[in-house]
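This report refers to the structure that appears directly beneath it.
Because only heavy atoms are used, hydrogens play no part in the values below, and waters and symmetry mates are left out as well, while side chains stay in. For reference, positions follow the sequence shown, starting with 1.
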Amino acid sequence: PTGHISPSIEPNSAEQPTLSLEQQREALTQLEQIINKSVIGYFATGEALAKIRDEKLYRAAGFRSFSKYCKERFRMSRIHGYRLIAQYHMNQFFVTHGLHILPERQTRLLRGIPPEEALTLVKDAQNTTAEGFLSFNDSLESVVKEYRQNHVQQSSNDITPDGTFFCQTLNRRIQYREDIPAMI
C-alpha cells in the first residue's frame, strides 16, 4: 500500500479493481484520520482563540480589539471566532463527561443551553439514533427543538421578583428596565 487513497472508488465497479479487506481497512483508517483532524482542528482553533481573547494576547501583535485581530489576522469575523470558542468550551465539557467532540454545526444548536442540560440532550439524541429512527444530527435537532419549546412554555413573560423576564427574541431571561416600554 502506497498510502494514497484512490478518488471515487465505487463498489462493484467493473472499471475499478476490488479492494482487499486490508486495503479497505487502510483506506477507512486514513479517511477517519482526516475527519478526526478536521474536527479536532476546530477544537484546537477554538482553544487557541479562547486563550488569545481571555489573556488579551492580541495586544502583543498590536491589535486593540479581539474583533480586529480576528478580522485582520485570519480574515475571520468576530462572530465566527466566538462560535469556535463556544464550540471549544462546549466540547471540552462533553469530553470531560465521556462524549466525543461534536462538529460546530451541532454545538451551535446547543447555544444558550446550560452545559449540563446540553449534555443530557446529546445523550438523548444518541439514544434515539441508536434506536435507528433518525440520524444523530436530525435527532439532536429534534430534542433541542422540543427542549426549547418546553423551556419557553415553562418560562413566563411576567416579571419575576428578581426583576427579570423571559425574552423570546433573545431566548433568555433579561433584566427588566422601566425605560424599555417607553423606548418601544
side-chain contact (heavy atoms from CB on, under 4.5 Å), that's the test. Do Arg83 and Gln87 meet it? Break it down for me. CA-CA 6 Å; Arg83 279 188 197 136; Gln87 179 196 15; over 6 Å; no
d(Leu49 CG, Arg78 CZ) to nearest 0.5 Å is 13.0 Å
For Lys68 and Ser65 the tightest heavy-atom approach is N-OG, 3.0 Å
Determine whether the aromatic ring centres of Tyr58 and Phe63 lie less than 6.0 Å apart. no
Between Phe93 and His97, does the ring centroid distance fall short of 6.0 Å?
yes
Separation between CG (Leu140) and CG (Leu102), nearest 0.5 Å, reads 7.0 Å
* Asked: Considering residues, nucleotides and ligands other than Glu72, do more than 12 of their heavy atoms fall under 6.0 Å from its CD?
  -> yes
Do side-chain atoms of Ser142 reach the backbone of Asp138 as a donor and acceptor pair under 3.5 angstrom?
no
Problem set entry | Side-chain touch Phe66/Leu57, heavy atoms, less than 4.5 angstrom | no
Minimal heavy-atom distance between Phe43 and Gln92, with the atoms involved, is CE1-N, 3.6 Å
CD1 (Ile52) and CZ (Arg73) are apart, to the nearest 0.5 Å, by 8.5 Å
Thr107 and Ile101: CA distance, side-chain angles, deciding distance, side-chain contact (heavy atoms from CB on, under 4.5 Å) verdict: CA-CA 9 Å; Thr107 55; Ile101 293 173; over 6 Å; no
Quiz prompt | Sub-6.0 Å ring centroid separation between Tyr88 and Tyr42 | solution = no
- Message: I'd like to know if the side chain of Thr129 and the backbone of Ala125 have a donor-acceptor N/O pair within less than 3.5 Å.
- Response: yes
Using a strict cut-off of less than 4.0 Å between a Lys/Arg side-chain nitrogen and an Asp/Glu carboxylate oxygen, indicate whether Lys145 and Glu141 qualify as a salt bridge.
-> no
Report task. Kindly indicate whether the side chain of Arg105, heavy atoms from C-beta on, has any atom under 4.5 Å from the side chain of Leu109. Result -> no
*Note, His100 side chain near Gln126 side chain (heavy atom, < 4.5 Å)*: no
Answer whether the closest heavy-atom distance between the side chains of Tyr82 and Arg53 falls below 4.5 Å.
yes
Self-check item: Donor + acceptor pair across side chains of Tyr147, Glu117 (<3.5 Å)
Solution: yes
Here the gap from Cys70 atom SG to Met76 atom CE, rounded to the nearest 0.5 Å, amounts to 5.5 Å
Rounded to the nearest 0.5 Å, the CG atom of Leu21 sits from the CD atom of Gln23 at a distance of 10.0 Å
Do Phe136 and Gln106 have side chains that approach each other closer than 4.5 Å (heavy atoms only, starting at C-beta)? yes
**Asked** Any side-chain heavy atom of Leu84 within less than 4.5 Å of one from His80?
**Response** yes
Rounding to 0.5 Å, atoms CD1 (Ile113) and CZ (Arg111) come to a distance of 10.0 Å
